[in-house]
Amino acid sequence: MNDWNESDAFEAAVPLSRQAMGARATPYMEGLNPAQRTAVETLDGPVLMLAGAGTGKTKALTTRIAHLLMTGRAQPNEILAVTFTNKAAREMKNRVGSLLGEMVEGMPWLGTFHSLCVKILRHHAELVGLKSNFTILDTDDQIRLLKQLVRADHIDEKRWPPRLLAGLIDGWKNRALTPENVPAADASAFNHKGTDLYEAYQMRLRALNACDFGDLLLHVVVIFQKYPEVLQKYQRWFRYILVDEYQDTNVAQYLWLRLLAADHKNICCVGDDDQSIYGWRGAEVGNILRFEQDFPGATVVKLEQNYRSTPHILAAASGVINGNENRLGKTLWTDRTEGEKVRLIGHWDGEEEARSIGEEIDNLQRGTRGLDKISPESMAILVRASHQMRAFEDRFLTIGLPYRVIGGPRFYERMEIRDAMAYFRVAVSNDDGLAFERIVNTPKRGIGDKAQQTINLKAREHGVSMLEGARILVSEGGLPKRALGTLKTLLDGFDRWSTLIRDDKINHVEIAQQILEESGYTDHWRTDKTPEGPGRLENLKELVKALEPFENLQGFLEHISLIMENEQEDQTEKVSIMTLHAAKGLEFPVVFLPGWEDGLFPSQRSMDETGLKGVEEERRLAYVGITRAEAHCTISFAANRLIFGQWQSSLPSRFIDELPSEHVEVLTPPGLYGGGYGAAAPSGESEMDSRVARADAYNSPGWKRMQARSARRGVGKPTEVKNIVIDAQAVSSFGLGDRVFHQKFGYGAVIGIEGDKLEIAFEKAGTKKVIASFVSGASEIPF
DNA sequence: TCATCGCACATTTTT
DNA sequence: TGTGCGATGA
């Protein structure tokens, strides 16, 4: 599958008939708005397509490809089209295909950065000291390798965890830095040994004939920079370059693109600076902000007409994103006029929030809100951090609401899958040491650390692979008897399986089954008594099924190293729960955005680590979240949350203050503060509208009064709530030193006042900041 | 070599 | 609260 096939990639494909197109109009261009049309038709020179959320970016991009082909500007194999994910690549392929019917043979150079790099690198591997059949390590292998190196250097793994080193190295690779280029400023990294270990790691990889993900790009960039004649060949070949999600590119990817575009200069980058949310893994918003300087004479096209959301939703999103300084500046608009305001709800705690959202979803799917029934599939809950999902899962399980969690550990990352693949890897190529290490003692064969070290030693001493080393040891008898026997069995197994693979007489699916069976791996899970056992067996079956479409095991392994996704769409209608990151690019009629509390969202860590830059990225995340919604968007926050078994109280997110109040409907949670604010107290809203439509409307006295008022009116939940919120006088009447009571934290003394927020030293729970309305004077508690 | 205990720790994730 | 890792003992 990944075989680099010259004829595929470079030989002229069947030319498209120019007459055939000339005769007809351009039906594939129908339905484009003027901006999209410009983006499609501006073929010469650099183009930056700034495409806001829901503005038909993929449509413009795919139509542009169709246009290039139909006008005869380029053959399918002369277009380089790059995406980040396999999913995006697949979608693009399909959409180009359907635009043009069956007229175009596949585009060999449409793919992810990584898959395209593999293709190039296999062809020039020797230039960076690799063989063209190099293997690709995933993060797991990478960490294990680094661990070995860290240990070999006698570094305290507690203080200097290998993962940290992995992060550093990834960071360097993202910035296209080889060990010799690591800036002096980074010299102190990892106990002053970072650079050396990086170098050692690269040497080790070369010895293993392996690459990590970062290397795929780095090596190609290095080759391009060092061997102009190689670069030139590609530069000349790719007449047109298209890049999706340009705001997510890192330095290495940027360099890669610049080098390739330097000849024809026909590069079209599509992206949205406001949706750059991957800075933490090396993405440089700067790339898109700098585009016009980097590519002089660039045409910039802004796609601003939004086809997804209602005006209120767009306005709310704009209000939030306007808080960012560094933007190219777009304003989404729509010609729609109808629609609900964004709804804002505060809750007492996370559980309450989950309950409320569960109820709301239930109402929506039954059509109780006087609206049409909405299928659960059309609804999504988008959270900042995955631990927030639990509350919803728990709740939905109890009320029997079908849900699906998107993201989480992917299929090919699961332990049993990786183990099974390690078996395949060793069977296919006996010298895959990392894979051998992984499974030599799985299932348990009495070959522990000690024995593995001996094997390793023996292998190095003879300059052979681990498997060969093990073979020598077995023949010499250099291991405990028990280990010797099991190891021999395993080695015989690999002999047998490798022969089967080489002979190619039996179907590879059968071979795979045989390997898993004879190695004892399937039995290992069959006899496993943990609750996961059956599921893992199930996954193994899935894995074997996934082998079917491939020619052989080898083809499967090559392909799979770059595809770590889980494609099992079950068609039952379910509510989706996912992180905001995972939601990028998706859309739902109904979106819930829970957990908008300072510290959770924006995340404390992000703010601590990168300061203002971090807040801005979090703000973009908020923008991404809101713009996922087509018709209904509900933002909520909880005053208290159980985090790591500890109650923490928090303040509503600063992003809530940034929502323009005229596009927000403030609701009180049913049951908590009494409910029905919107129905019974229209005054609150007009009050807020008359206020300067600015950020702190929610901190304003009006907001507080409103909260207090609805609280007083409330019936409340019998136990929890009645005495939490007290009236407006109390809100403003606390003074330093006052003794107060808080429902979850108990008694405490006010030690600081900051607007409507109090800093309170609780007797049991420590010092916390709380909204004044959530505490009451200690004497007022109506028990 | 393997099982158990105790401790530190705790975003976001694609390839 | 819970997990995952490393140190500890059988």
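For clarity, every value in this text was computed on a predicted model and none was experimentally measured. The chains referred to below are lettered A, B, ... by the order of the sequence lines, with proteins before strands, and numbering in each begins at 1.
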A.B. asks: Let me know the distance between CG of A/L600 and P of B/dA10, rounded to the nearest Å.
C.D. replies: 16 Å

A.B. asks: Run A/F592 and A/F392 through ring-ring contact (aromatic ring centres under 6.0 Å, His included) and show every step you take.
C.D. replies: CA-CA 11 Å; A/F592 293 92; A/F392 294 98; 8.6 Å; no

A.B. asks: Would you list the pairs meeting salt bridge (charged side-chain N to carboxylate O under 4.0 Å, His left out) in which at least one residue belongs to residues 243-252 of chain A, sequence neighbours left out?
C.D. replies: A/K57-A/D244, A/K57-A/E245, A/E245-A/K584, A/D248-A/K584

A.B. asks: Mind checking what makes side-chain hydrogen bond (donor to acceptor under 3.5 Å, both in side chains) contact with A/R163, not counting sequence neighbours?
C.D. replies: none

A.B. asks: Whole Å only: how far is the OH atom of A/Y412 from the P atom of B/dT14?
C.D. replies: 15 Å

A.B. asks: Without decimals, in angstroms, what is the distance between A/Q648 CD and C/dT1 C1'?
C.D. replies: 12 Å

A.B. asks: Quick check on A/R144: does its CZ atom have over 12 non-hydrogen neighbours (other residues, nucleotides or ligands) under 6.0 Å away?
C.D. replies: yes

A.B. asks: Which label fits A/Y234 and A/W109: parallel for a plane angle under 30°, tilted from 30 to 60°, or perpendicular past 60°?
C.D. replies: perpendicular

A.B. asks: To the nearest Å, how far apart are A/D394 CG and C/dT1 C1'?
C.D. replies: 12 Å

A.B. asks: So, is A/N86 close to the B/dT14 phosphate, meaning a side-chain N or O under 4.0 Å from OP1 or OP2?
C.D. replies: no

A.B. asks: Below 4.0 angstrom, which residues in residues 481-490 of chain A have at least one non-hydrogen atom near DNA chain B?
C.D. replies: none

A.B. asks: Is it true that atom CZ of A/R482 has more than 12 heavy atoms of other residues, nucleotides or ligands lying nearer than 6.0 Å?
C.D. replies: no

A.B. asks: Check whether any side-chain N or O of A/N441 sits under 4.0 Å from OP1 or OP2 of B/dC2, and answer yes or no.
C.D. replies: yes

A.B. asks: Whether the A/N250 and A/N174 side chains hold a donor-acceptor pair (N or O, under 3.5 Å, no angle test) is what I'd like checked.
C.D. replies: yes

A.B. asks: So which protein nitrogen or oxygen atoms get under 3.5 Å of nucleotides 11-13 of chain B's nitrogens or oxygens?
C.D. replies:
{"from": "B/dT11", "atom 1": "O4", "to": "A/S606", "atom 2": "N", "distance (Å)": "3.2"}
{"from": "B/dT12", "atom 1": "OP1", "to": "A/S386", "atom 2": "N", "distance (Å)": "2.8"}
{"from": "B/dT12", "atom 1": "OP1", "to": "A/S386", "atom 2": "OG", "distance (Å)": "2.2"}
{"from": "B/dT12", "atom 1": "O4'", "to": "A/R384", "atom 2": "NH2", "distance (Å)": "3.1"}
{"from": "B/dT12", "atom 1": "O2", "to": "A/W280", "atom 2": "NE1", "distance (Å)": "3.4"}
{"from": "B/dT12", "atom 1": "O2", "to": "A/R384", "atom 2": "NH2", "distance (Å)": "2.4"}
{"from": "B/dT13", "atom 1": "OP1", "to": "A/T579", "atom 2": "OG1", "distance (Å)": "2.5"}
{"from": "B/dT13", "atom 1": "O4'", "to": "A/R281", "atom 2": "NH1", "distance (Å)": "3.3"}

A.B. asks: Has A/Q452 got more than 12 heavy atoms of other residues, nucleotides or ligands less than 6.0 Å from its CD?
C.D. replies: yes

A.B. asks: Should the pair A/H559 and A/F550 be assigned to parallel (<30°), tilted (30 to 60°) or perpendicular (>60°) ring geometry?
C.D. replies: tilted

A.B. asks: How does protein contact run along nucleotides 2-10 of chain C, one letter per nucleotide 5' to 3', with B for base contact, S for sugar-phosphate only, - for none, heavy atoms under 4.0 Å?
C.D. replies: S---S----

A.B. asks: Sequence neighbours left out, what passes side chain to side chain contact (heavy atoms under 4.5 Å, CB included) with A/Q202? Give chain and number order.
C.D. replies: A/K173, A/P179, A/Y198, A/L205, A/R206, A/D215, A/H219

A.B. asks: On the 0 to 90° scale, with breaks at 30° and 60°, tag the A/H524-A/Y521 ring pair as parallel, tilted or perpendicular.
C.D. replies: tilted

A.B. asks: Between P on B/dT15 and CG on A/D244, what's the gap in Å once rounded to a whole number?
C.D. replies: 13 Å

